[in-house]
Amino acid sequence: MNIILLGAPGAGKGTQARILVEGRGMKQLSTGDMLRAARTSGTEMGNMVAAVMDAGQLVTDDIVIGLIAEQLDGPHDGGFIFDGFPRTLAQADALGKLLAAKGQSIDSVIELRVDDEALVARITGRFTCGDCGEVYHDTTKPTKAEGVCDHCGSTNLKRRADDNEDSLRQRLMEYYKKTSPLIGYYYANGSLHVVDGLQPMAAVTADVAKALS
Ligand code: AP5
């Protein structure tokens, strides 16, 4: 099964993707994570990506489609979770073609719907483990022991450079202009499921599971 998690910045895509990976053995393909890895490379491309991400804008379609194409090369029986990709109609078309070339398709698109007001608190309170990628929040999901990742025990906990109100405003604008048309695109082909992402995490997980059954 191949699925797309769609939603505004902070809607909970990464959180739910990690739960699906653990529960179903699926492979998470997050273009945000791939780009964050690229920006640390120190190359000209990495520096350009860093500037675009910090400004809350979208990286070009060619770059992200190339990153995804590389990841689809090998087989993965558990299926793929596309997290933060596609974000434009051009990316959606490219993904359809890449999967069709492997004799596959998108089985389900889950839109995590969250009010804009809730996103500020989610984004400004988020931190992640720099070693295993576990996602936390100052109030809704703190670590059990302060400064230590529950999942892998690392103390390398980080906040993202683009997790501030100014960047979020720009990211939301990009989402409404370029990504939200995908809701209609996937509704029209019958694969869209809408989940209330404002619920507590466990309730969102249960609704995602229902949508996939
Ligand atoms: P990306 O990394 O994809 O960021 P995003 O889409 O802005 O999404 P986030 O990772 O911010 O949020 P999320 O939905 O995963 O929420 P999370 O689970 O962490 O992209 C970053 C940048 O890279 C983009 O701005 C762009 O520049 C570039 N980029 C990436 N992909 C691209 C593409 N395809 N094309 C072009 N450019 C691209 O949750 C957020 C917080 O809320 C956490 O603290 C979490 O603990 C908490 N939380 C989660 N669920 C709940 C809940 N139900 N209740 C309470 N708290 C919750």
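Start at 1 and go down the list; that is how both ligands and their atoms are numbered.
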- Under the ring-ring contact (aromatic ring centres under 6.0 Å, His included) test, residues paired with Tyr136 that sit two or more places apart: Phe127
- Under 4.0 Å between a Lys/Arg side-chain N and an Asp/Glu carboxylate O for Arg113 and Asp196? no
- Task: List in chain and number order the residues that pass side chain to side chain donor-acceptor pair (under 3.5 Å) with Asp93, two or more places apart in sequence or in another chain; answer none if no residue qualifies.
- Result: Tyr185
- Item | Salt-bridge criterion met for Arg39 and Asp54 (N-O under 4.0 Å) | yes
- Message: According to ring-ring contact (aromatic ring centres under 6.0 Å, His included), who are the partners of Tyr186, at least two apart in sequence or on a separate chain?
- Response: none
- Task: Write down, by chain and number, every protein residue that brings a non-hydrogen atom to less than 4.0 Å from an atom of ligand 1.
- Result: Ala8, Pro9, Gly10, Ala11, Gly12, Lys13, Gly14, Thr15, Thr31, Gly32, Leu35, Arg36, Met53, Gln57, Leu58, Val59, Val64, Gly84, Phe85, Arg87, Gln91, Arg122, Ile123, Arg126, Val135, Tyr136, His137, Thr140, Arg160, Asp162, Arg171, Gly197, Gln199, Pro200, Met201, Val204
- Query: Any Lys/Arg nitrogen of Asp163 or Arg126 sitting under 4.0 Å from an Asp/Glu carboxylate oxygen of the other?
  - Reply: yes
